[in-house]
Undergrad: 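Pasting a structure here, questions to come.
Computation of the quantities below employed the complete heavy-atom set of this structure, encompassing side-chain atoms and omitting hydrogens, waters and symmetry-equivalent molecules. All residue numbers refer to positions in the sequence shown, counting from 1. Everything numeric here is computed off the predicted structure, so don't read it as measured data.
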Amino acid sequence: MNITNIPNIPNIANQIATGAPQAGLRCDSGTTTTSGSGMPKSSTPLRHLDVSGRQGYREGYSIRDAAESLWKQENVNFNIFDPASINRMQERVRSGLYKMTPTDDELNAYIDKLRQTGLDGTVDWSGLSRELEAFKSTTPEELEDGLDYLASRYVSVMDKLERNYTGDELTAQRAKLEEIYQAGKTGMIDNYTKLLRDNLGLSASDAQVVKDSFSTLLAEKVDAYRGALDKVSEDVDKTGADSVWLKNHDAYIAAQLRTAGTAGQSQARYSAQDLAAAGQIAQSYQTEIFNASSCGRNEATLALNLSMADMKAETMIQKGLVSQNMAALLRGSRAQGHENVLAALDQALAKRESSLAPGEPRGTFAPVDRSVFQGIYQAVMGAFQQNGGNAAEAIRAGAAYGQKVTAQATAQNPKALRWGINIESYWKDFYTAPANKEITALGKQINRLLVQIGQTPSQNSSTYQKYMDSWRDFLTAIGGSGLDIRA
């Protein structure tokens, strides 16, 4: 089971969102709310929009795909600072060819030209730099593919250089490749490690081990792809007339390497699957930190949401989807991860308390009560462990305890806005779906889109049902058939 299949639902962080921040609690009424991905709705990245020019990134990369990439470079790709490329585009539009892809006749003619002229050993350094630089924003969903792409592109370009250059010129070309590759590699490793460190509470030494694991994984993949070069070269020779140009099409060679070369047992402490799983959990923590920073959460909702994330982590551990090394890291950093989230809420509350509006009594934004968080969290996780992994029962146990402990918090801090009527209403409606209401045309369209991507519209679901939908989707994603992890 490849853990990177999990987030395509789309990811664990999205599965945890309950959409139930307390009314009247948010610190800043102008703060952008989130959709559960840890990013403001207005700045959510289009993760599946390929803006880097990656060639054959996830899908098969055919000979015609390779030819089309070259055709585009010559015919439709343009730079606003390059008059020749702009003139090329304008001429194409004037001729009535508005599509930025070649017609079959154009592509066939272009391939015939390539068969006659071939390709030289020149590397598109700016294009390669953009491709590899884009991996600095690698998500858990993209991690395995990203590692494969970085390593295969490095090997294919190095092979191209070594076949076409010699002496000082080869030395200079190699140095340029190393510079670009190291920049892409460092960008991916540093940013992904930061995601884990900032949100899971990794220590400096743990973060270094994560970086070392990345470097080991990439080195192993590079070795594997180097070992596959001879076979790929033989396959290219079998393409006949196309071999004249394909042998110097480094993106095509890289795609074939990714098909032919597979690294063996890794010596890295954390596997790519381990790191993807950790990234998914980190994303869910990131969501809670983001929302806590705008007072969009309180101790009770944080406890339920983080326990949901941790139940998923425990399930992956129990099912053997992560190594024991990663299990130790996730469990060992958990307390610090919780503290990071609570500290974000505490800071937001203190900031709001220091700037109370006229008429707001002191204590309206009382400091975080960690006993509320710990009590509810332990109620959930304790029930989860005792009942063999039944998340439904565990969330119900947390809600039952939450009603009691937040009633005590109300008695101790009656002026705190997040307690009193706000939290009472939250628990009262916890199992109750909102009253049916007229759905707007936009709402209907959103519902249709959700159904198309395999999601269930949840406007009329209770908070509890949203948790259960999240858990069901998670189990489906990892191949589970029920709530009992012992099954």
Side-chain angles (χ1 to χ4, degrees), residues 3-21 33-39 41 44 139-141 199 276-292 296-297 300-319 321 330 337 341 376-377 379-381 383-384 387 389-399 402 426 429-434 446-447 449-451 453-485:
I3 200 71
T4 56
N5 290 330
I6 292 178
N8 292 330
I9 297 190
N11 62 48
I12 290 181
N14 289 339
Q15 299 304 329
I16 294 173
T18 65
T33 59
T34 70
S35 59
S37 63
M39 296 289 292
K41 286 182 180 178
T44 299
T139 64
E141 299 92 327
N199 297 292
Q280 292 157 3
I281 301 301
Q283 283 182 328
S284 62
Y285 273 60
Q286 184 182 52
T287 296
E288 300 313 310
I289 290 174
F290 181 87
N291 284 293
R297 297 285 191 266
T301 52
L302 287 176
L304 291 177
N305 288 356
L306 293 183
S307 63
M308 194 71 173
D310 293 345
M311 285 192 291
K312 292 176 179 180
E314 287 299 314
T315 300
M316 288 191 287
I317 292 170
Q318 293 296 329
K319 286 183 174 289
L321 297 178
L330 291 173
V341 180
I376 297 174
Y377 178 84
V380 175
M381 297 305 291
F384 185 72
N387 66 31
N390 189 314
E393 289 185 10
I395 290 295
R396 288 197 295 270
Y426 177 79
D429 297 333
F430 191 76
Y431 297 100
T432 305
I446 292 173
N447 285 350
L449 291 173
L450 288 171
V451 170
I453 63 173
Q455 298 295 298
T456 303
S458 59
Q459 289 90 337
N460 294 322
S461 296
S462 68
T463 298
Y464 173 74
Q465 187 58 51
K466 291 176 184 178
Y467 279 116
M468 292 306 96
D469 290 345
S470 168
W471 186 252
R472 177 204 62 214
D473 291 343
F474 167 74
L475 288 179
T476 299
I478 64 172
S481 58
L483 295 175
D484 193 339
I485 62 175

Undergrad: For Phe384 and Glu314, work out which heavy atoms get closest and say how close.
TA: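 Minimum heavy-atom contact is CE2-CB, 4.1 Å.
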
Undergrad: Of all residues at least two apart in sequence or in a different chain, which pass the side-chain contact (heavy atoms from CB on, under 4.5 Å) check with Ala399?
TA: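 Per chain and number, Ala399 pairs via side-chain contact (heavy atoms from CB on, under 4.5 Å) with Trp427, Phe430, Tyr431.
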
Undergrad: Which heavy-atom pair separates Ser284 from Ala309 by the least distance, and what is that distance?
TA: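 Closest approach of Ser284 to Ala309, heavy atoms only: OG-CB, 3.4 Å.
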
Undergrad: Can you give me the closest heavy-atom contact between Ala383 and Ala397, atom names plus distance?
TA: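 So the two residues come closest at CB-CB, 3.8 Å.
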
Undergrad: Measure across Met308 and Trp471 and return the closest heavy-atom pair with its distance rounded to 0.1 Å.
TA: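 Heavy atoms of Met308 and Trp471 come nearest at CE-CB, 3.6 Å.
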
Undergrad: If you define the side chain from C-beta out and look only at heavy atoms, does anything of Leu330 sit under 4.5 Å from Met316?
TA: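 They are not in side-chain contact.
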
Undergrad: Does the side chain of Met311 come within less than 4.5 Å of Ile395's, by heavy atoms?
TA: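 Contact flag for Ile395/Met311 side chains = yes.
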
Undergrad: Hey, does Val380 have a side-chain heavy atom less than 4.5 Å from the side chain of Leu304?
TA: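 In contact.
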
Undergrad: How close do Tyr285 and Asn199 get, heavy atom to heavy atom, and via which atoms?
TA: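 Between these two residues, the closest heavy atoms are CD2-O, 3.3 Å.
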
Undergrad: Compare all side-chain heavy atoms of Tyr464 with those of Thr432 and state whether any distance is below 4.5 angstrom.
TA: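 In short, these two side chains do not touch, never coming nearer than 4.5 Å.
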
Undergrad: For the atom pair CG (Leu306) and OG1 (Thr301), what is the distance rounded to the nearest 0.5 Å?
TA: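 Here the rounded value is 9.0 Å.
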
Undergrad: Measuring from atom NZ of Lys312 to atom CG of Asp310, what distance do you get when rounded to the nearest 0.5 angstrom?
TA: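 Between atom NZ of Lys312 and atom CG of Asp310 there are 11.0 Å.
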
Undergrad: Could you give the distance from CD1 (Ile289) to CZ (Arg297), rounded to the nearest 0.5 Å?
TA: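 Rounded to the nearest 0.5 Å, the CD1-CZ separation comes to 12.0 Å.
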
Undergrad: Which heavy atom in Met468 sits nearest to a heavy atom in Ala391, and how many Å separate them?
TA: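 Heavy atoms of Met468 and Ala391 come nearest at CE-O, 4.0 Å.
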
Undergrad: Do the charged groups of Lys466 and Asp469 touch, with an N to O distance under 4.0 Å?
TA: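 No, Lys466 and Asp469 are not salt-bridged.
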
